[in-house]
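Data first, discussion second: the structure below is written as structure tokens.
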Amino acid sequence: MSRIARRFAALKAEGRGALIPYLEACDPDFDTSLALLKAMPEAGADLIEIGMPFSDPSADGPIIQLAARRGLKAGATMPRLFEMVRSFREQDADTPIILMGYLNPIEAYGIDRFCVDAAAAGIDGLIIVDMPPEEAGPMQAPARAAGLDIIRLIAPTTDDARLKLVLNHASGFVYYVSITGITGTRSASDEDLRAALPRLRAATDLPIAIGFGIRTPQQAASASRIADGAVVASALLATLAETLDGEGRATERTLPDVLAQLRELGAAVRGT
Amino acid sequence: MRVNRRLPRMDALDKHCYTARPDTSAASGGLNTQAGMAAMTDGARVNSLRSGPDASGHFGDGLGGRFVAETLMPLLLELDAAYKTAKADPAFHKELAYYLKDYVGRPSPLWFAQRLTAECGGAKIYMKREELNHTGSHKLNNVMGQILLAHRMGRTRIVAETGAGQHGVATATVCALFGMQCVIYMGATDVARQAPNVFRMKLLGAEVVPVTAGAGTLKDAMNEAMRDWVANIHNTYFLVGTVAGPHPYPAMVRDFQSVIGDEVKVQMHEAEGRLPDVIVAAIGGGSNAMGIFHPFLDDPSVKLIGVEAAGHGLDSGKTAASIERGSRGVLHGNRTYLLQDENGQIIEAHSISAGLDYPGVGPEHSWLHEIGRAEYVGVTDDEALEAFQTCTRTEGIIPALESAHAIAHAVKIAPTLSPETLLVINISGRGDKDIFTVAEHLGVKL
């Protein structure tokens, strides 16, 4: 059983959903983002998404765009991201790590080599924003051989016929993009989410995580109950950005502020 | 050439690039009719180079495609279906032919550039006068087709990206004509260097949104237009201005622009009784070049040359030559040649011409490059400026800086060619918008 499957099974036994925070590699610098990554499980993260910065994140809103820019400025590359995960794995063998990013940096690294190196570093799953199932062919076999889950995105616009295609070959969990829009802009209501889930449940046995537009502890708690997990990205990155100095460098507030917010989210998801 | 007014078979239409349907004689006249038949005959050939892309939008070995977030996939499939339906509908072709003739002002002339020919001393130079279209460039050919499609699809709001502002102006123009809401994303750098076009768009009722991300040029405007579309899919149509982006845009924009090459084929036959030998066109995303190249892809005697903006020089690091200095990658929904670093991050392009200042190129051009059917070369900022002046002085035609790149290369090769060689330059746009940029480079204060 993969780390992702084990974690969702354990949470199900506990009777709650997962909290899945996001951080951008090397935002605002390598050491700070590594320290943040290492501190996340203790602060409430059940799974962690690490964003690989891309120069042209066309599916992302302004908050993640800026985070990506800071990450690139601080020298984020695929090898640096792998280095972060390797270091994290020295202390944590259980928390699943998902790499989220755009296809071009992966292709530039080389798809086969990427899958091997990502798995070796301790990455468990991939969310590739601009790789719909129709274009996933070249990634499928190397990812499976390396034991990496390709996590599929489902959107409110995905109709029933398409749902089958998207879920074919899906593994790990399913990521439900809860709004039609870019990251960090607006939120779906609980009613929308409750209405959307049965259709997905009927189509897959995989755990379902909800992302896009989840900001507050209340939203995270309710999304993690309606589905099996809640992804929080822009809200944490916005907090991180607020703590930076005039030159965009980390300050003494950076880690504590982001982790404090994560603890609140974690407590809400755990119902404590 | 005999005018053939026989209707093509309906099942054939779907396989072919767009051409005005020949049953619109009142609106299109003989020229469009002949051009249409020429294109349809060619497109029907087995092993035609004109039959791409495949059903999933790929050219050759994996170029093109649909690399977008899942939210957009159903919309692209809907667009693909709507375009296929329109393409098979004679009423759509009739309507488009009407607007192309009476609103755009087609056909555009094929002009024998006698003085430029004499000055170069070699090939006989013709100019395809796309700058004479309404709004001053080839852009309206595509925009006219897509606005009719958007209208059919019931969309009420149009978003578009623009570099030089030519596509933005064309889009704002048809939105005014059809009473649609129009939002144009334009890089902040381009807003500054293309002020006249920004004002034009505003006069036409469009909202112009300056984009400050990145270098504030076309690539950044494209990102922002995609973000707008994904957030407003219920009423919004994304009107892409070039032969790039996710399928079906590269094929659809090419089809609408192929009217350029279809006309050249007929006009050259009327003028010289044969096919041209060389066709030269500038390439940013590549829509004017694809429009004039595509009808000639199956005529191997016709040499096709795409001129990229070399900027300060191909090896200066300040260039927009995606084919010559780029490599395969995925950006803006398609796999194509891109300017990128070893980590797959996109590099900012540079060109004096805002319309060519893009780090990618349409996937079909990448394919034509890989199979060697078209040749791609670079022309620097300085060479384009020189050609801009040469064309203006010898022909009395002020070309767009984009088109000046094509002229520069034509002027370079014409002396090496025999006087029997027929060379066509696509004058994709007029240069009025560029006079401030040119004045600045010539040290003239306006």
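Each chain gets a letter, A, B and so on, in the order the sequences are listed, and its residues count up from 1.
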How many angstroms lie between atom [atom1] of [X] and atom [atom2] of [Y], to the nearest 0.5 angstrom?
X        : Y        : atom1 : atom2 : answer
A:Ser55  : B:Ile347 : OG    : CD1   : 9.0 Å
B:Asn343 : A:Met52  : CG    : CE    : 6.5 Å
B:Asn223 : A:Asp56  : CG    : CG    : 4.5 Å

**Complete:** Ranked by heavy-atom pairs below 4.5 Å to chain B, first place among A:Leu153, A:Val177, A:Asp159 goes to A:Leu153

**Prompt:** Just wondering, are more than 12 heavy atoms of other shown residues or ligands nearer than 6.0 Å to NE2 in B:His312?
**Reply:** yes

**Taking every non-hydrogen atom, the tightest pair across A:Gln65 and B:Ala213** = OE1-CB, 4.3 Å

**Message:** Minimum heavy-atom separation for B:Val330 and A:Phe54, please, with both atom names.
**Reply:**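 Distance-wise, the nearest heavy atoms are O-CZ, 4.2 Å.
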
**Within residues 226-235 of chain B, residues adjacent to chain A where the heavy-atom gap is under 4.5 Å** = B:Met226, B:Arg227, B:Val230, B:Ala231, B:Ile233

**Prompt:** Which residues in residues 63-80 of chain B have any heavy atom lying under 4.5 Å from a heavy atom of chain A?
**Reply:** B:Gly65, B:Arg66, B:Phe67, B:Val68, B:Ala69, B:Glu70, B:Thr71, B:Met73, B:Pro74, B:Leu75, B:Leu77

If I measure from the heavy atoms of chain B, does [X] come under 4.5 Å with its side chain, its backbone, both, or neither?
X        : value
A:Val129 : both
A:Pro57  : both
A:Ile106 : neither
A:Arg152 : neither
A:Ile182 : both

**Asked** Are the charged groups of A:Glu107 and B:Arg335 less than 4.0 angstrom apart, N to O?
**Response** yes

**Result of checking B:Gln345, B:Gln340, B:Arg328 against A:Asn104 for side-chain hydrogen bond (donor to acceptor under 3.5 Å, both in side chains)** =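 Passing option: B:Gln340.
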
